[in-house]
There are 2 protein chains.
Amino acid sequence: MSNGVNLKELSQRLNLSQTTVSRALNGYPEVSEETRKRVSEMAAKLGYAPNSQARRLATGRAMAIGHVIPRSIHEMMNPIFLEFIAGAGETYSRHGYDMIISVVDDDHEEDAYRQIASRKKADGVIIHGPANEEHRHKLLKQLNLPFVVHGRIPGAEQETSWIDMNNRRAFERATNLLLDLGHTRIALLNGLEHMDFANRRRRGFEEALAARGLTPDPALMRSADMTEPFGCDNAMEMLKSDNPPTAFLISSMISAIGVARAVGQCGLTAGKDVSIITHDDALSFLPNSGEVPIFTCTRSSVRYAGEKAAELLLNMISNPASKPVSMHLDAELIIGQSTGPAPAASR
Amino acid sequence: MSNGVNLKELSQRLNLSQTTVSRALNGYPEVSEETRKRVSEMAAKLGYAPNSQARRLATGRAMAIGHVIPRSIHEMMNPIFLEFIAGAGETYSRHGYDMIISVVDDDHEEDAYRQIASRKKADGVIIHGPANEEHRHKLLKQLNLPFVVHGRIPGAEQETSWIDMNNRRAFERATNLLLDLGHTRIALLNGLEHMDFANRRRRGFEEALAARGLTPDPALMRSADMTEPFGCDNAMEMLKSDNPPTAFLISSMISAIGVARAVGQCGLTAGKDVSIITHDDALSFLPNSGEVPIFTCTRSSVRYAGEKAAELLLNMISNPASKPVSMHLDAELIIGQSTGPAPAASR
DNA sequence: ACCTCCATCCAAACCGCTTTGGATTTGGCC
DNA sequence: GGCCAAATCCAAAGCGGTTTGGATGGAGGT
């Protein structure tokens with residue numbers, strides 16, 4: 001027994017009108033400090049809190065942000081998605097917004113957005129994992145639903161708000177590091193390249209090679225969901241080939257761990273016989289810290305991106321006339337134990 | 001330009017009352033098939049969808065389920081949590097419910113629940129990761145907010161609805177498997193044992209040993225957040241000790257991967273020199289399948305648990321008088337490549 | 001004493017839907 | 001033809017807030 005008071009009852013108990021009570025609680029100026037105090041005390045005593053549905057209806061704002069995630073969201077996205085959510089969630093709750101997540105069948109994604117708009121379930125949404133061929137932003141514009149992209153939509157950079165890390169640059173720098181260490185046969189284990197982020201990473205890799213007059217060996221480039229076995233299996237295969245790579249550049253810690261497993265199983269040592277650089281999204285359950293991190297990595301916190309994306313979106317919502325805004329985050333290049341000079345001319 | 005019609009406009013266009021239109025769309029019987037057809041056609045044409053806030057206010061149901069997760073949710077919970085969410089989310093959307101997730105400061109968890117109740121933000125909640133000392137269920141009872149526990153609250157099994165896997169039994173079986181293979185020095189790398197699930201797993205382990213007259217060696221039992229380094233570091237330390245274990249029993253795939261890394265670094269082979277059994281929550285980004293899975297494991301799908309938990313909760317909500325219900329899931333014991341007979345009297 | 005101007009407070013409309021309690025029409029049956 | 005029940009449909013009352021457009025009363029100015 002603790003709840004059940006509504007505005008009407010509260011105002012009756014106070015011998016005040018609902019108007020005054022509402023204004024007192026919402027900090028409007030046309031109510032004396034004394035009554036305001038009286039009101040908030042009584043409200044606290046009776047445990048009054050405004051019914052959110054009623055408030056939303058009256059104000060016309062849903063006070064919620066939607067995230068629609070297709071059921072078969074690609075495996076590698078999963079943990080990253082959660083970390084992003086955690087960051088965004090903090091921002092939302094700090095601003096009194098709810099976060100609503102819709103898990104939908106892949107072919108119902110568009111429906112989900114339409115429903116959010118037509119039923120007024122949320123004041124805005126976040127687009128996750130933009131692909132090379134992306135259309136969601138068009139739909140959302142048409143639905144007049146504010147949104148922020150986590151990542152970038154190729155060809156729509158100017159007309160959309162987004163937050164992204166500099167994928168191309170990060171992988172370019174990582175590749176250069178390996179080149180500086182004398183590696184020339186570098187393998188790339190990348191995410192699905194129909195995704196924009198993976199596409200950009202590959203370009204960074206290729207451009208760095210090209211700048212030194214090297215051409216990437218297609219046999220050393222793989223692209224798939226970034227699972228652990230993906231890393232292990234491909235690394236194993238490459239290491240056992242006639243012309244194995246001396247270094248690996250990997251798009252995710254999860255797959256990097258797989259690569260490390262393969263390296264171990266081949267009796268090699270990472271950082272000596274083989275070098276590994278991975279991108280590190282700073283996932284909390286895969287810490288790669290310590291004085292000297294296990295993996296040399298390009299690091300960029302997805303959680304932070306989530307916080308910022310949410311802030312961008314909330315700004316857009318409270319300021320609908322504003323121009324598109326974007327944030328470009330640079331990854332840190334952090335030296336760990338998994339890189340070293342290329343072994344001298346192997347057998 | 002596509003939305004903006006409300007019930008009033010729709011009914012005017014049809015020369016019908018709002019009542020009739022509402023009833024037609026919601027499938028009530030007191031409207032002729034002909035008008036129903038006319039109504040739904042016009043609704044489709046004008047892109048009408050009921051404003052969810054208004055509907056919620058009128059019906060008094062939030063049509064949403066809340067998940068509050070403390071900001072510092074223990075690291076190992078993270079990916080598991082997401083998988084659970086994915087499962088639950090499917091059930092919700094299939095039933096027209098929204099899922100709202102609140103990320104809150106640890107010391108505001110109680111507030112979060114109170115708000116959900118007093119502001120009527122959700123019709124029910126899921127309790128995640130019950131601890132040995134658990135109090136949330138009392139608060140929720142007092143708030144009169146339906147809930148389902150993912151896991152079990154010790155001492156409140158009868159009076160709460162929950163879904164849990166048989167942790168004790170799973171770890172008992174796993175331990176017996178190792179014992180049958182001749183292992184006697186078995187290490188346990190467990191989750192935080194102030195959590196109910198970890199506590200139960202330890203008991204399963206200890207009881208299996210005790211049944212064969214063995215007492216667990218405290219030096220071989222570790223408990224912490226289930227990160228990858230936790231597995232690697234502890235395994236490394238144990239393997240290098242004077243009296244190393246011949247087998248590892250591990251609470252999470254993530255840490256198991258760390259153990260595998262340590263095993264590799266020590267020049268040993270899993271399944272031959274050292275045996276590994278891990279619990280496998282069937283996380284989608286850590287597949288452990290294939291003809292012969294890499295890890296021998298006790299497997300139980302968290303996603304499935306999420307689906308079922310959501311179903312239990314929705315049932316409770318639509319049927320408030322019902323008695324507490326619970327589901328006990330048994331983990332499969334699956335033989336993979338990481339276990340084998342104990343090596344004959346090692347050096 | 002009279003008037004203006006604030007400072008407070010209030011009654012009532014409104015947000016968009018569901019639902020109650022009829023009103024009206026239709027059809028079957030004696 | 002008259003009557004009753006079933007089939008349709010509707011006006012209006014909520015749901016619980018916010019917000020508009022005053023009303024009221026006391027202070028200050030002349």
Side-chain angles (χ1 to χ4, degrees), chain A residues 3-40 42-43 46-64 96 98 115-123, chain B residues 3-40 42-43 46-64 96 98 115-123:
Chain A
N3 39 357
V5 230
N6 60 17
L7 185 60
K8 192 172 168 191
E9 292 166 4
L10 177 59
S11 60
Q12 285 169 350
R13 286 285 298 259
L14 286 160
N15 277 327
L16 287 172
S17 74
Q18 298 191 29
T19 311
T20 305
V21 175
S22 171
R23 281 181 167 156
L25 293 175
N26 290 322
Y28 281 71
E30 50 273 85
V31 51
S32 73
E33 270 318 310
E34 192 198 322
T35 37
R36 189 191 305 281
K37 186 149 164 281
R38 206 160 65 87
V39 168
S40 34
M42 182 64 83
L46 301 187
Y48 168 79
N51 177 306
S52 46
Q53 332 294 353
R55 187 206 281 257
R56 293 184 222 261
L57 176 57
T59 59
R61 288 176 306 160
M63 293 304 285
D98 282 342
Q115 290 224 353
I116 289 178
S118 62
R119 318 183 95 108
K120 306 242 161 36
K121 286 195 171 192
D123 300 316
Chain B
N3 39 357
V5 227
N6 59 16
L7 185 59
K8 191 171 167 192
E9 292 166 3
L10 177 58
S11 60
Q12 284 170 350
R13 287 284 298 259
L14 286 160
N15 276 326
L16 286 173
S17 76
Q18 297 191 29
T19 311
T20 304
V21 176
S22 171
R23 283 181 167 153
L25 293 174
N26 290 322
Y28 282 70
E30 48 273 85
V31 52
S32 73
E33 271 316 311
E34 191 198 323
T35 39
R36 189 191 305 282
K37 183 149 167 284
R38 207 160 64 87
V39 167
S40 37
M42 182 64 82
L46 300 187
Y48 168 79
N51 178 305
S52 45
Q53 332 294 352
R55 186 206 281 258
R56 293 184 221 259
L57 177 58
T59 59
R61 288 176 306 162
M63 294 303 286
D98 283 342
Q115 291 224 354
I116 289 177
S118 62
R119 318 183 93 110
K120 306 249 164 33
K121 286 194 169 192
D123 300 316

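Each chain gets a letter, A, B and so on, in the order the sequences are listed, and its residues count up from 1. Note that the structure is a prediction, hence the values are computed from the model and not measured.
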Can you check nucleotides 14-21 of chain C for protein contacts, nitrogen or oxygen pairs under 3.5 Å, and list what you find?
from: C:dC17; atom 1: OP1; to: B:Y48; atom 2: OH; distance (Å): 3.2
from: C:dC17; atom 1: OP1; to: B:N51; atom 2: N; distance (Å): 3.1
from: C:dC17; atom 1: OP2; to: B:L7; atom 2: N; distance (Å): 2.4
from: C:dC17; atom 1: O5'; to: B:Y48; atom 2: OH; distance (Å): 3.4
from: C:dT18; atom 1: OP1; to: B:N26; atom 2: ND2; distance (Å): 3.1
from: C:dT18; atom 1: OP2; to: B:S22; atom 2: OG; distance (Å): 2.6
from: C:dT19; atom 1: OP2; to: B:Y28; atom 2: OH; distance (Å): 2.8
from: C:dT19; atom 1: O4; to: B:T19; atom 2: OG1; distance (Å): 3.1

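Here the shortest heavy-atom pairing between A:L25 and A:S40 reads CD2-CA, 4.2 Å.
Per the geometry, CZ belonging to B:R36 stands 10 Å off P belonging to D:dT8, to the nearest Å. Atom pair B:L16:CG and D:dA7:P shows a separation of 19 Å (rounding to whole Å applied). Per the geometry, CZ belonging to B:R61 stands 17 Å off C1' belonging to D:dG16, to the nearest Å. Look at CZ on A:R56: it is 15 Å from P on D:dT19, rounded to the nearest Å. Note: CD (A:E34) to P (D:dG26) measures 15 Å, nearest angstrom. For the pair B:E30 CD and C:dA23 P, the interatomic distance rounds to 17 Å; values are reported in whole Å.
Using a 4.0 Å heavy-atom distance criterion, B:T35 is classed as a sugar-phosphate-only contact.
With respect to B:K121 and B:D98, no salt bridge is recorded, no charged nitrogen being found less than 4.0 Å from a carboxylate O. Between A:R36 and A:E33 there is a salt bridge, with a side-chain nitrogen of the basic residue lying less than 4.0 Å from a carboxylate oxygen of the acidic one.
Donor-acceptor pairing under 3.5 Å is lacking for the side chains of A:T19 and A:S22.
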Item to complete: Mind running side chain to side chain contact (heavy atoms under 4.5 Å, CB included) on B:M42 and B:R13 for me, showing each step along the way?
Response: CA-CA 8 Å; B:M42 182 64 82; B:R13 287 284 298 259; 4.2 Å; yes
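Within 6.0 Å of the CZ atom in A:R119, the count of heavy atoms belonging to other residues, nucleotides or ligands exceeds 12.
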